[in-house]
Amino acid sequence: MVNFHILTLFPEMVLQGLHTSILGRAAGRGDISIEAVNIRDYTTNKHGRVDDYTYGGGAGMLMQAQPVYDAYKSVADRIGEKEGKKRKPRVIYLTPQGKTFCQEMAQELAKEEELIFLCGHYEGIDERVLEEIVTDEVSIGDYVLTGGELPAMVMVDAIARLVPGVLHNDESAQTESFGNGLLEYPQYSRPEVWHDKQVPQVLLSGDHAKVDAWRLEQSLLRTKERRPDLYENYRKEHPQTKQKGTHSKT
Ligand code: 6GU
């Protein structure tokens, strides 16, 4: 069970996206919970403003410390009442300046009971509140988005599918791409021939050992060709595995 709390100016965007399909059903069963907290509900500004100009000048507006802190406090206090004063929950600030998200981080975060995501907008958030509440700064890749909502949704999806009970087939979280450090092998369904293309014979053989060996070989070939960086890591961690495909394409 992981409880996800998302601090955002666009709660409907986040809830719409995350209460769909597999995660929606998982939330319905209680395997995860996802709440969005509207930062604007916590502003003390009488016009409902949450942003202001930056000291020092320059283009763009900044989210102010007060509404962000009070939104955070409302969640942290509720968690504190539930758990007692165990320890501070992790607060993940989505920012292009953060550490790049990866499967290993997802696995680590899936062990937490409570996760708070802070989504920034405009030019960012007043540094002083970040210093007080943020435990992790995370980016989802080297490109710039308009806000932290999509990155938060990406992270929640990647983490939630690792929570026990969320995926029905216990295996599926593990056997897929990156679960074993390799890209996935190609897959086929009916019919046996489509557009003159035949399903590989080994998959029709019923020999599970042969099928597994073929799939591993395909994963290795694909990873070597498409993601040499992942392939190198895999080789280092599995030095005993037979080299695949070194004879091809040269
Ligand atoms: Cl976490 N935020 C924004 N605004 N852009 C991003 C990002 C995060 N990760 C990649 N691009």
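Order of listing sets the numbers, starting from 1, for every ligand and every atom in it. Predicted model only: the values in this text are computed from it and were never measured.
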Inset, instruction - Check S139 against ligand 1 and report side chain, backbone, both or neither, counting heavy atoms closer than 4.0 Å. - result: both
Legend entry - Residue part near ligand 1, for V138, under 4.0 Å between non-hydrogen atoms: backbone
Legend entry - Among R49, Q66, Q64, the one residue meeting side-chain hydrogen bond (donor to acceptor under 3.5 Å, both in side chains) with T44: Q66
Legend entry - Between R235 and Y231: side-chain donor-acceptor atoms closer than 3.5 Å: yes
Inset, instruction - May I ask you to check whether E149 and T8 show a side-chain donor-acceptor distance below 3.5 Å? - result: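 A donor-acceptor contact under 3.5 Å links the two side chains.
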Could you tell me the residue and atom name of the protein heavy atom closest to [atom], and the distance to it rounded to 0.1 Å?
atom	result
atom 10 (C) of ligand 1	G141 O, 3.0 Å
atom 4 (N) of ligand 1	L145 O, 3.1 Å
atom 2 (N) of ligand 1	P96 CD, 3.6 Å
atom 6 (C) of ligand 1	Y143 O, 3.5 Å

Inset, instruction - Just say parallel, tilted or perpendicular for the rings of Y234 and H238, cut-offs at 30° and 60°. - result: parallel
Inset, instruction - Tell me, yes or no, whether the heavy-atom count around L204 atom CG, taken from other residues, nucleotides or ligands under 6.0 Å, exceeds 12. - result: yes
Legend entry - Residue that, paired with I116, satisfies side chain to side chain contact (heavy atoms under 4.5 Å, CB included) out of I6, D136, V75, I92: V75
Legend entry - Distance-minimising heavy-atom pair for L109 and L115: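 Between these two residues, the closest heavy atoms are O-CD1, 3.6 Å.
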Legend entry - Closest to atom 1 (Cl) of ligand 1 (judged by heavy-atom distance), picking from T95, L150, I92: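 When every heavy atom of T95, L150, I92 is considered, T95 comes closest to atom 1 (Cl) of ligand 1.
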Legend entry - Sub-3.5 Å N/O-N/O distance, I140 and ligand 1: yes
Legend entry - Proximal atoms of ligand 1 relative to P151 (non-hydrogen, under 4.0 Å): 1 (Cl), 2 (N), 7 (C), 8 (C)
